[in-house]
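In what follows, a structure is listed as structure tokens, so that the remarks can point back to it.
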Amino acid sequence: MLMTGTPLLAVANKHNFAVPAFNISDWAMSQGIFEVSEAKGAPLIIAIHPDELVHTGIDLMPAIVQRAHKSSVPVAIHLDHGTTYEQILIAIQNGFTSVMIDGSMLPFDENVALTKRAVEAAHAVGLSVEGELGTIGKTDGEAEDGTQVIVYTDPDDAVRFIQETGVDSLAIAIGTCHGIYPSWMKPEIKLDLLQAIKAKVDIPLVLHGGSSNPDFEIGESVKLGINKINISSDIKVSYHQKMREVLLDEGLREPLSIQPPCVEAMQVTAEQKIVLFEAAGKASLY
Ligand SMILES: [Zn+2]
């Protein structure tokens, strides 16, 4: 069941769970994520970053759309971290049902202007839009976006941003980073700040950079009102760690021999996230 982000996240907001947004970069990952979400009865967001779209090629999109239509769970296909108006138009044209416009690196007024423009285009064709306010950290060169310093989201700014842009959901900066944390870095989510924002804002809130935060913090953030959590690094690490292991057998050649155990390893991690986000079984609420 393919749908837009707004009804998908409205149920999560009402019933207090978070929909996992898994970033996929190839067809095998995509298939594996659909399967594990269906096995767990969990609503799903297939997230594709513009860099991932470059890697897969835009021609993979019809297959993903088709797979989502056939799925037994509600699915949104979401552009992760669109940064330009043109990327939003490309997403609209290619079957995405939800887009993110990330102007968080811009000054507040420029972020508002860019986001508003994206909202006008996406809403005109019935798609939902996620904006971002505050900056999420970045831990390594492989991480998709972010800065060295986290700028926390101010609750009053969040209210004004939502009013001025008309976004359907908002990514907030409360202490997470993109990527995997190095050993010296201790991730910490400001749960009090999340509560302060949630008290003032009624649209669904989104957490980026949720990979490798302690499960306790992520679980608490779900209880306190996060409705979508992006997971990219954690599933990719599981997928490729297993691939390194499998490829030690130099006799293997066929992707059909190599990829399935890697997909299974990725699914174990994805399943843990689904359970942690309290999304298991929630497809029945739609
Ligand atoms: Zn992100």
Side-chain angles (χ1 to χ4, degrees), residues 5 8-9 12 18-25 29-30 33 44-56 76-84 87-88 91 96-106 111 114-115 118 122 128-153 158 161 165 167-181 185 187-190 193-194 197 203-213 217-218 221-222 226-237 269-270 273 276-277:
L8 192 75
L9 294 180
V19 180
F22 292 115
N23 281 77
I24 61 96
S25 305
M29 289 184 75
S30 164
I33 289 297
L44 166 67
I45 295 172
I46 291 284
I48 306 174
H49 186 281
D51 293 346
E52 290 172 315
L53 200 54
V54 167
H55 176 71
T56 62
I77 304 172
H78 176 77
L79 180 74
D80 188 29
H81 289 283
T83 49
T84 65
Q87 285 173 345
I88 301 302
F96 285 82
T97 61
S98 171
V99 293
M100 176 188 191
I101 182 77
D102 179 3
S104 63
M105 307 296 280
L106 301 169
N111 187 358
L114 175 67
T115 304
S128 41
V129 181
E130 173 185 335
E132 178 168 329
L133 192 61
T135 61
I136 289 156
K138 171 180 175 141
T139 57
D140 56 47
E142 284 275 88
E144 60 264 44
D145 299 278
T147 49
Q148 296 299 329
V149 183
I150 298 169
V151 178
Y152 293 97
T153 305
F161 185 79
T165 59
V167 282
D168 306 293
S169 61
L170 184 68
I172 53 172
I174 53 173
T176 52
C177 290
H178 284 129
I180 298 289
Y181 302 107
M185 192 176 197
E188 201 179 344
I189 298 178
K190 287 184 182 292
L193 178 58
L194 169 57
I197 297 169
I203 63 171
L205 297 176
V206 178
L207 196 62
H208 282 241
S211 284
S212 79
N213 275 84
E217 281 188 356
I218 298 288
S221 75
V222 172
I226 290 291
N227 302 124
K228 168 179 176 273
I229 302 179
N230 290 31
I231 294 293
S232 180
S233 306
D234 278 351
I235 55 167
K236 290 170 181 170
V237 167
T269 302
K273 302 296 180 189
L276 179 62
F277 302 170

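Read the numbers this way: they start at 1 and go in the same order the structure lists the ligands and their atoms.
Between His81 and His49, the two ring planes are tilted [angle within 30° to 60°].
Here Glu52 pairs with Asn23, Ser25, Lys236 under the side-chain hydrogen bond (donor to acceptor under 3.5 Å, both in side chains) rule; sequence neighbours left out. Every side-chain contact (heavy atoms from CB on, under 4.5 Å) that Ala12 has, sequence neighbours left out, goes to Phe17, Val19, Asn227.
With Phe22 as the aromatic partner, Lys273 does not meet the cation-pi criteria of under 6.0 angstrom to the ring centre and within 45 degrees of the ring axis.
Looking at His81, its N, O or S atom nearest to the Zn ion (ligand 1) turns out to be NE2. Shortest distance from the Zn ion (ligand 1) to His208 is reached at ND1 (N/O/S atoms only).
Distance check for His49 against the Zn ion (ligand 1): none of its N/O/S atoms falls below 2.8 Å.
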